[in-house]
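So the structure is just underneath, and the comments pick up after that.
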Amino acid sequence: MAKELFFIIVGSIFVNNFVLSRFLGQCPFLGVSSKTETAVGMGMATTFVLTMTAVAAYFLQNYILAPFGLEPFLQIVSFILVIASLVQLVEMVILKISPTLYNAFGIFLPLVTTNCIVMGVALLIPMNNYNLIKSIALGLGAGIGFTLALALMSGIREDLEFADVPEALRGPAIVFITAGLLSMIFMGFTGLVPLG
Amino acid sequence: MANSILTSMLSMGGLGLVLGGGLALASKKLAVKTDPRVDAIVEALPGANCGACGYPGCSGLAKSIVEGKAPINACPVGGTPVAEKIAKIMGVSDIDSEDDKKIVRVLCQGGKSEAKVKSEYHGVKTCKAASMVNNGPKSCSFACIGFGDCVKVCPVNAITMGDNGLPVIDGEKCTGCGLCVKECPKMVLALTSSKNEVHVRCRATMKGKDTRAVCSIGCIACKQCEKICPFDAIHVKNNVAVIDYEKCRNCMLCVEKCPTKSIKSLFVERKKAVIDEEKCIGCTLCAKNCPVNAITGEVKKVHVVNQDLCIGCGICQEKCRKGAIEMVRNE
Amino acid sequence: MQLFKDFINGIWNENPIFKMVIGICSALAVTTAANNGIAMGLALTFVLTCSSILISLLRNVIPAKVRIPCYIIVVATFTTVVDLFMKAYFPSLYEVLGIFIPLIVVNCTVLARAESFASKVGLARATADALGMGLGFTWAITLISMIRELLGAGTLFGYRVMWDGFTPWVSAILPPGAFIVMGILVGLINMINRKTAKDTHSH
Amino acid sequence: MLKTFIGGIHPPYNKELTNQKPIEKAILPKKVIIPMGMHIGAPCEPIVKVGDLVKKGQKIGEAKAFVSVPAHASISGKVVAVEPRPWPGGGLIMSVVIESDGKDELYEGIHPPKTLSHLTPDEIKNLIREAGITGLGGAGFPTQVKLSPPPEKGVDIIIVNAAECEPYITADHRLLLERPDDVVLGLEAIMKATGVKKSFIGIENNKLDAVDSIKKALQDKKDIEVVVLATKYPQGGEKQLIKAVTGREVPSGGLPMDVGVIVNNAGTCAAISNVLKTGLPLIERITTVTGSGIKEPKNLLIKIGTPLIDIIGQCGGFKGKPGKVLMGGPMMGLAQSQLEAPTIKGTSGLLVLEKADVKLYEPSPCIRCARCVDACPINLLPTNLAKFAEKNMWVEAESYHAMDCIECGCCSYVCPAHIPLTQHIRIAKSHIISSRKKK
Amino acid sequence: MNQYARMIIVLMIISIASGAVLALSYEVTNPTIQEQARQKLEQSVLTVIPGATKMEEVQKEDMMIYIGLDDQGNKKGISFKAIGSGFDGPIEIMVGYNPKEGKLLGIEILSMSETPGLGARIKEEAFTKQFKEKSAEDEFTAKEDVQVISGATISSTAVANAIRTSLDKIVKIYPVGGDF
Amino acid sequence: MDDYRLITTSSPHLHSGENISRIMFSVAIALLLPTFAGIYFFGFRALSLVVITSLAAMLTEAIFQKLRNKPIAISDGSALVTGMLLALNLPPGLPYWMAVVGAVVAISLGKQIYGGLGSNPFNPALIGRVFLMITFTTPMTTWINPVDGTTGATPLSLMKMQGLQTDYAKMLIGNIGGSLGETSALLIIIGGIYLIYKGYVDWRIPASFLGSVAVLSGFLGQDPIFHLLSGGLMLGAFFMATDMVTTPLSKLGKIIFGIGAGLFTVLIRVYGGYPEGVSFSILLMNAFTPLINRFTVPKIYGEVKAE
Ligand SMILES: Cc1cc2nc3c(=O)[nH]c(=O)nc-3n(C[C@H](O)[C@H](O)[C@H](O)COP(=O)(O)O)c2cc1C
Ligand SMILES: Cc1cc2nc3c(=O)[nH]c(=O)nc-3n(C[C@H](O)[C@H](O)[C@H](O)COP(=O)(O)O)c2cc1C
Ligand SMILES: Cc1cc2nc3c(=O)[nH]c(=O)nc-3n(C[C@H](O)[C@H](O)[C@H](O)COP(=O)(O)O)c2cc1C
Ligand SMILES: Cc1cc2nc3c(=O)[nH]c(=O)nc-3n(C[C@H](O)[C@H](O)[C@H](O)CO)c2cc1C
Ligand code: SF4
Ligand code: SF4
Ligand code: SF4
Ligand code: SF4
Ligand code: FES
């Protein structure tokens, strides 16, 4: 079990990084990776939401959708609705209890809701028949992988501020190409752990 | 079949109820006061929370805009319509009314062909950098260095470098923000009202002969301007002429007189008095007050302005009680 | 005229993929073959158009505070419909597009248009915009997938077009290929834009 | 192991041009220009008018502020102008111009004070101030201010800076060889004035003859120790010197006295001893005139205020076409363009480089080779600082400690991309200072 | 109306409507979806068991076994799924087998995520056809008993190993030469 | 003043005389050693591959600079180094056109799109190699044996696939299958030491890289010496992980870089799908470099005591 959890986490960070090889969460990856501080804040918020989502999706799936046979057609709607509402609630709560925490990471929460990585993780859980602990591991791994990709990209982008990048490539273009090179590098981890 | 539809409707209804209730409750209980402008901007933004702006979500951007950290057109998704709305919310574009507009003037005419150069400077090519090496490469330590730091800093591209290595201001574009004034290490730039048309374009406080030795167009403190000014508006202080804009009436006599051409204005802009024959009652007030005797006419008869003599000072216009005189720009 | 403008907007001026660069997850993930690109694009266009219509109709009914959940439900409903129908009638396509069909729900383009356009204008304009955006999305990802398929497999829409003995550039259909092709295309489009901007300027 | 610091560089020293040349007294100049601000701090105010007759040593500028020193006539003659004049910093500065009467007469008010053993610390400091003594090491900080640290700083060490790490310059070297007793006497006065019991004289090991000379002069004085240092630039930077000699590190943004140390240049000590012996204020100093563009390199004892062109003339004039004239050494010296400018109290050298020897480089992009990082004696990241400066990112530059840069030039010296790192950092510092002032 | 009540009600109505629409679409599409899945499974079973036209499912221990029958109802062979761990994730294989003769009838790769152009070539007939007629006693050693695809040893080995492992289980259920 | 105008610049007025092309050409000279080894073992093909990739790299660089209206700076030698290193990383039997593709990708995607020398986040030669690796995997993993010219396997894949161990002496001298330049560990070390002596390479990176590979592989029960001598490790540690543009500035950062690269190398070699992981590891650490730089800002003189 411990080994399996380890594989799930390492697998979703390196081998099948959610951003660089599964193509989830591209919008924030491009948008919020220009400064390391924001990138890490966003990464932490996403990791938090992903873990929460994993739990929510697990219960929703196994205690409501599956027992009532609603899974095939209510899965998408109910997942997204629950996630969106949960995140909004959490955001309000954080804003209320700690403005500092809110500024460090709460402000990123709304951005996370409509980010497909969240939905992706939620959908992968029933697809792989994960139990609760494995679901959490997946959420955590996906979040860390997302944070790693964002942090690496932000570091590179901060340095690129000083580089003489050709005019036409400035902005998203160079970020895409850099992401491509990063993704190429992450391919080195292929086959690192048997990811099921 | 009906059964499954019912279950589905019930469970979705339940979800909707619980979540709607939760959100309603939360928005009631957890409401936190924020800057109303933030909310207004959040309303105006697309709300996709896509992060394409580089800020943490729409509310993150809204906050940054209100704090002045992000431009009003930062949302790439919303485009111009959204930017316009935000502009309204933020109440920007409080640009001064047209007539009291401030613009920047270049107070140095020592360009490549006029000012002597004392050394061959190499290194970082900015005015700031050059000014820190032996006080700049020009012999006159007040002279514009000409690397164009001001050009780089102007947000509206109102400054260009002229051929002679001096900045040229586009008065139309300049918003009078004063950024360039702060940037110039030689304090060559100054903000003045756009109404002032005569400027001493030299700040060199060296003795006349020293100034002449380093620049062919610098103020040599000969005081000729002082003598000719009908309004006592220009004085040589500390070896350089200075205009008192309270008194200056843009008559431009000093400009004509200055032997080194260091006072400058645009002559085409000199205004001329024109008398409205309908209104003139021939009171002679204007003729009496004209400092250059450009107005003639007999009592109770329409007066005439000698356009060649008129210097455009506008005194007559001020004195005329009937509002019969207008100052007209000579196109 | 206005309708045409709204329609064209998404196709070029504010093309979701190349100009606004949102909703790109699926653009990158499913574009390994031209067929997939078209299918994904049409699926998205369907969801986008239906949701825009509905949201535009409901725009005065939905209270602001719950508008996001409401929009999400609408979008999710149409997405599920597409998902189910595709599963039933195009199983082989469904297999390839897989998880990315459900993810249309969170595709940033859909929500962004719902929020910033459909919820503010009437039915006709909302429809025109949605169609424009959808088709803009579709041609963009079809282009990407064509390039990737051509390089990576030597085929187009499954037909062999490269010469015999062509060595496929496998990386084009691997994840890095997606990013790099996308990056180069965005760069090229920037270049075209700047050229045209300059030309119109000089006239 | 020789004592030294981390970082630094080994430029070619080129000291053999002048290190065997005994100090020569310069010819009496026809005219001197005495700037009113030759020191850090408030400039002094002229107290003579055009037409006044003045004599050597007479005070002509009064210091009104605490961090300031008076100025004195270095020759006798007539005041011909009191006006802004070019000076080695570039631009103009208020100066008193004296035309020599050729007599070099001593001012009547000048007479030797009591001997050191009879002077109180306050009397010593007052003498130093009235004599217009500022540091001769370069920065020109009023010495008596430096010698009056607040008691809570607990200053317990004086270091005499005789490292003379700048290439070409040999003024301190000759001083130590020819007048070691003066340095020692000056140091003893400083120790008495500050009440410090322990002092060191730091000398680089490329001047071992000077070490011998000073050791002889010290005889058996136990409270003064000679420290032989590795020859490495900038060994003479006071922070580096303090680190090498005492192992202490001056805190970032702090002063030597924060670690209980006062550093004085060897020439400053000699100037103090001169006051004690003769009562004469600081009106002359030793200057090394050297370089490939000068006919006869020399160590000259010059009157302060002598125009640079006169000094060059006394050394045989230019050899070939002059390219650069530097006041000071090649690493930190200021490039001159107006040779009518005078020498000032901090002029330790006048270096003339022939045009052919002046190498100008076009900078290319940084290759992040980290040579600058390794060379920086402060352990800064010069490449980052320069990049921030180029992008006007002053806040970032400040957070990467731009203000700690001592402008030694090591980074620029080693950079294979020829980036003027030191200049960029200087600009950043100047922006940071002005933004601090605004706050 | 109270704004909060309105929030709740609108959200609820929309949810309920959505529930209705979705359930309806599901009811409409579900039979087809089920049918599609079954067809797909049958298709692959029939491919790996030559001559079979119908299939029957039986559960033996923890394995699903599909028996292939011809028009006359004769058992032509059995098939089962084998899962191997490939270069980049699992490989699912449908294996056709004749227990009586102890020989493989054929294989088909159901799903895999190997590299296109490399590992993905295990799907090609050139690779799969070699398993036809292989004996259940074969070692399935890569590069000896099984021809590997050059540049994709890992994928090829994974397929071979997966077949070997599941054959071991099958042989226990249906001993070679026995009936099925 | 007379007929001269003096030059003014900001201090310092001296320069060490060091310049970029001297550094790059020294690296190129050091690279000649492994290149000669490659030519000795693989003959004309090796020579032609090196020449072709170098020319292709320099030409691509020149074309890019021309297109961008920048001065053509191929004389700085960096493209030459990239080209040579790329060739040394290729299997000797690779079709020429693929090698050209690699060089073009290395310079264009790896370097010029970021603005050229000094701005690229990743090691260009390795970008070229990894690109070829995932694009044309089969030709990139087909190795020729030096002795008989037959195709064979590298010591690492022999080890990984068949558990066969290759003779140390052979590996040291270079009589083994592998890339052009990774065969002779000995010559690479000599070239590397020359660069360290010249001060162009900081010893910390090769030392920590090799050290961590040895320690970690030993820890995982593998033969450390075998791991040190095999594959591209030596070439990577001395010539590629040391590319100053793409590695951390500070000394501590360099050590972290080396250890990280070593760690990933062993991980990929022992547990990964590829037999060799040096290229990927160096590139991955290149990606980490900006973050490393950020968190290893050296403590400045007098920093602690300031409050
Ligand atoms: C603004 C300023 C204030 C200083 N204040 C003191 C002081 O109070 N006490 C002191 O011993 N030195 C003081 N110093 C002198 C410095 O310690 C140092 O000796 C001087 O700046 C010359 O150093 P440099 O030639 O290495 O630049 C001060 C220097 C500056 C620039
Ligand atoms: C890079 C650098 C190098 C220096 N080299 C010397 C030197 O060689 N000799 C010296 O006396 N002062 C040198 N200084 C000045 C000293 O830091 C310090 O200001 C001086 O020794 C203080 O003595 P003073 O006040 O008597 O001049 C150097 C300063 C810097 C920043
Ligand atoms: C981009 C890339 C993709 C790869 N994909 C596969 C694969 O799908 N299946 C596989 O067995 N090996 C794959 N490999 C692994 C190598 O080809 C490995 O060296 C090979 O499996 C073993 O060599 P051989 O088959 O030539 O003996 C891949 C390698 C690379 C670089
Ligand atoms: C010590 C050293 C190592 C280098 N290693 C590489 C290398 O591995 N790959 C490469 O493309 N260029 C290398 N270069 C050349 C150059 O730095 C490289 O092309 C830059 O990354 C281009 O910006 C190296 C240069 C030096 C001085
Ligand atoms: S006006 Fe000032 S900032 Fe502008 S070019 Fe002249 S010196 Fe530079
Ligand atoms: S910087 Fe501001 S003040 Fe100066 S020219 Fe531009 S708009 Fe005018
Ligand atoms: S000039 Fe400044 S940054 Fe450069 S080496 Fe000297 S102290 Fe360091
Ligand atoms: S020495 Fe020059 S090239 Fe090297 S890192 Fe420093 S600034 Fe960059
Ligand atoms: S589509 Fe925007 S994050 Fe995936």
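This is a predicted model, so every value here is computed, not measured. By convention in this document, chain letters (A, B, ...) are assigned in the order of the sequence lines, proteins followed by strands, and residues within each chain are numbered from 1.
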> Heavy atoms under 4.5 Å from chain F: which residues of residues 419-431 of chain D carry them?
Replying inline: T422(D), Q423(D), R426(D)

Do you know the tightest heavy-atom contact between [X] and [Y]?
X       : Y       : answer
G409(D) : P12(F)  : O-CG, 3.3 Å
S337(D) : T8(F)   : CB-CG2, 4.1 Å
K324(D) : T9(F)   : NZ-OG1, 2.8 Å
L249(F) : A370(D) : O-CB, 3.4 Å

Between [X] and chain D, with a heavy-atom cut-off of 4.5 Å, which part of the residue counts as in contact: side chain, backbone, both or neither?
X       : result
S78(F)  : neither
I23(F)  : side chain
N120(F) : backbone

Kindly indicate whether the side chain of [X], heavy atoms from C-beta on, has any atom under 4.5 Å from the side chain of [Y].
X       : Y       : value
K299(F) : N379(D) : no
S250(F) : V373(D) : no
L339(D) : L6(F)   : yes
I406(D) : Y301(F) : no

Look at [options] and state which one has the largest set of heavy-atom pairs under 4.5 Å with chain F.
options                            : answer
L326(D), D374(D), I9(D)            : L326(D)
G90(D), P365(D), P322(D)           : P322(D)
P167(D), A335(D), S364(D), G329(D) : A335(D)

>> Quick one, H401(D) with E303(F), criterion side-chain contact (heavy atoms from CB on, under 4.5 Å). Give me CA distance, side-chain angles, the key distance, then yes/no.
In response: CA-CA 9 Å; H401(D) 309 288; E303(F) 184 167 336; 3.7 Å; yes

> Hey, is CD1 on I190(F) packed in by over 12 heavy atoms from elsewhere, all under 6.0 Å?
Replying inline: yes

Can you tell which part of [X] gets under 4.5 Å to a heavy atom of chain F, answering side chain, backbone, both or neither?
X       : answer
N384(D) : side chain
I378(D) : both
K359(D) : neither
I6(D)   : neither
C366(D) : backbone

Rounded distance [0.5 Å steps], [atom1] in [X] versus [atom2] in [Y]:
X       : Y       : atom1 : atom2 : value
I20(F)  : C415(D) : CD1   : SG    : 7.0 Å
M331(D) : H13(F)  : CE    : NE2   : 9.5 Å
I367(D) : T246(F) : CD1   : OG1   : 11.0 Å
Y400(D) : I300(F) : OH    : CD1   : 13.0 Å

> What residues, two or more places apart in sequence or in another chain, satisfy side chain to side chain contact (heavy atoms under 4.5 Å, CB included) together with K232(D)?
Replying inline: T4(D), F5(D), H10(D)

For each of [options], tally heavy-atom pairs with chain D at distances under 4.5 Å, and name the one with the top tally.
options                         : value
M244(F), H15(F), K254(F)        : H15(F)
S16(F), S21(F), G116(F), S10(F) : S16(F)
A73(F), P71(F), P298(F)         : P298(F)

Distance-only donor-acceptor hits, side chain of residues 232-241 of chain F, under 3.5 Å, sequence neighbours excluded:
none

> Please, which pairs that meet salt bridge (charged side-chain N to carboxylate O under 4.0 Å, His left out) have at least one residue in residues 363-372 of chain D, sequence neighbours excluded?
Replying inline: D159(A)-R368(D), R371(D)-E18(F)

> Should K355(D) and I7(F) be marked as a side-chain contact (heavy atoms from CB on, under 4.5 Å) after you check the CA-CA gap, both sets of side-chain angles, and the distance that decides it?
Replying inline: CA-CA 9 Å; K355(D) 190 127 192 175; I7(F) 297 166; 4.1 Å; yes

